[in-house]
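Below: the structure, in structure tokens.
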Amino acid sequence: MSDVNRQWQLAARPSGFPKETDFVLAEGALPEPGDGQFVVKAEFWSVDPYMRGRMNDEVSYSPPVALGGVMVGSAVGRVVASKHPDYAVGDTVCGGVGWQEYGLTTGGGFEKVDENRAPLSAFLGVLGMPGLTAYFGFLDICEPKEGDTVFVSGAAGAVGALVGQLGKIRGCRVVGSAGTDEKCHHLIEECGYDAAFNYKTDPDFLAIILELCPDGIDCYFDNVGGAMTDAVLMSINDYARLSICGQISQYNLEKPAEGPRLFRQLLIHQAKMEGFLVVRWLDRLEEGRRQMSQWVQEGKIKYREDVVEGFANMPKAFIRMLRGENKGKQVVKA
Ligand code: NAP
């Protein structure tokens, strides 16, 4: 075990797209557990879009990271020291370690994970927060029925690629948008999407959506917001269900975008639009994980991970994910 704890701290609040210099690598002391605490050595870290919001000094559903504070985030790793009655040295756990090599905790927000069930990194992806976001945010809010047309924006990401596969399991026609031809090909060939388009090379979103969803959209799972969601609103069927999971096209804007005001579409189609945070289903996480795990084992759900090697590359991994360079769930390996 090393005698320092390397940490990525927030050095500056970005305006617009974040830069590597918004973070600084610092060395802290190795934490020692007090009574009721344990220390986790991270093996894989997650980088997620929500972290961009934590860099802003603004009120959201969680407080911002302080300047000079350690960036927030989840990791999977091993307990290396413990004075906690429920956690022993060697246990594999997942929780909010933050962007640092060792996390000290009383266990709040941590859970044990079984590496016999899946590789550790899967607990940051298909069997972790993104997988459960897809499972509950799609199935509970969109309530997909056989024969429905499902449209997923940000379809090739950690969450989106799973949502489409859940739609296929429910017997729906599934269409998605993603930022490269390779991602669209992957969605159709590997994830069972019926159609997908590259929103960067096909910028008339409404025209392509009408072409690929000739019967209109019954369920929308929104990862991106902005102009894509405007086009979807113009394509919905009566009693459509729209699940607002993320708005990544807006996260790096310096000024809020002005858009068409399309809520009349909800009115005339008697549609439902609902935002959610995955923590809503905290009491049902094990149900979701068990079901996702079974579908993975049965080959009904496929997933891919994009692994960046080395803790020193955390900011690089975060920025490449925001740029769309990730193919599947972006994680960092120690
Ligand atoms: P991800 O999709 O694996 O990675 C982010 C992707 O966003 C990139 O790969 C990129 O793919 C796309 N993107 C970046 N800028 C974009 C833009 N301007 N317009 C359209 N797409 C853009 O990340 P994820 O973890 O699965 O998260 C997906 C969404 O779900 C995010 O909005 C996130 O905030 C949200 N989320 C919400 C919850 C919740 O509880 N509500 C939980 C988890 C995630 P392309 O190549 O396709 O551009």
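Residue numbers run from 1 in the order of the sequence given. As the structure lists them, so they are numbered: ligands from 1, and atoms in each ligand from 1.
For ligand 1, the polar-atom distance check finds no N/O of Pro49 at less than 3.5 Å from any of the ligand's N/O atoms.
With ligand atoms numbered from 1 in the order given, ligand 1 contributes 4 (O), 5 (C), 8 (C), 9 (O) to contacts under 4.0 Å with heavy atoms of Met321.
Nearest to atom 28 (C) of ligand 1 among the protein's heavy atoms is Asn223 OD1, 3.7 Å. Regarding atom 14 (C) of ligand 1, its nearest protein heavy-atom neighbour is Leu322 O, 3.2 Å. Atom 10 (C) of ligand 1 has its closest protein heavy atom at Gly324 CA, 3.4 Å. Looking only at heavy atoms of the protein, atom 44 (C) of ligand 1 is closest to Val159 CG2, 4.0 Å. Counting protein heavy atoms only, atom 11 (O) of ligand 1 is closest to Lys183 NZ, 3.4 Å. Of the protein's non-hydrogen atoms, Ile248 CG2, 3.6 Å is the one closest to atom 13 (N) of ligand 1. Considering only non-hydrogen protein atoms, atom 20 (C) of ligand 1 sits nearest to Tyr199 OH, 3.2 Å.
A distance-only check finds no donor-acceptor pair linking the side chain of His269 to the backbone of Ala271 [under 3.5 Å].
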- Evaluation steps, side chain to side chain donor-acceptor pair (under 3.5 Å), between Asn252 and Arg52: CA-CA 8 Å; Asn252 294 307; Arg52 175 64 188 83; 2.7 Å; yes
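Closest to atom 18 (N) of ligand 1 by heavy atom, among Ala158, Gly128, Ser249, Ser243, is Ser249.
At a heavy-atom cutoff of 4.0 Å, ligand 1 is contacted by both the backbone and the side chain of Phe276. Contact annotation: for Met129 versus ligand 1, heavy atoms closer than 4.0 Å belong to the side chain alone.
No heavy atom of Pro130 sits closer than 4.0 Å to any atom of ligand 1.
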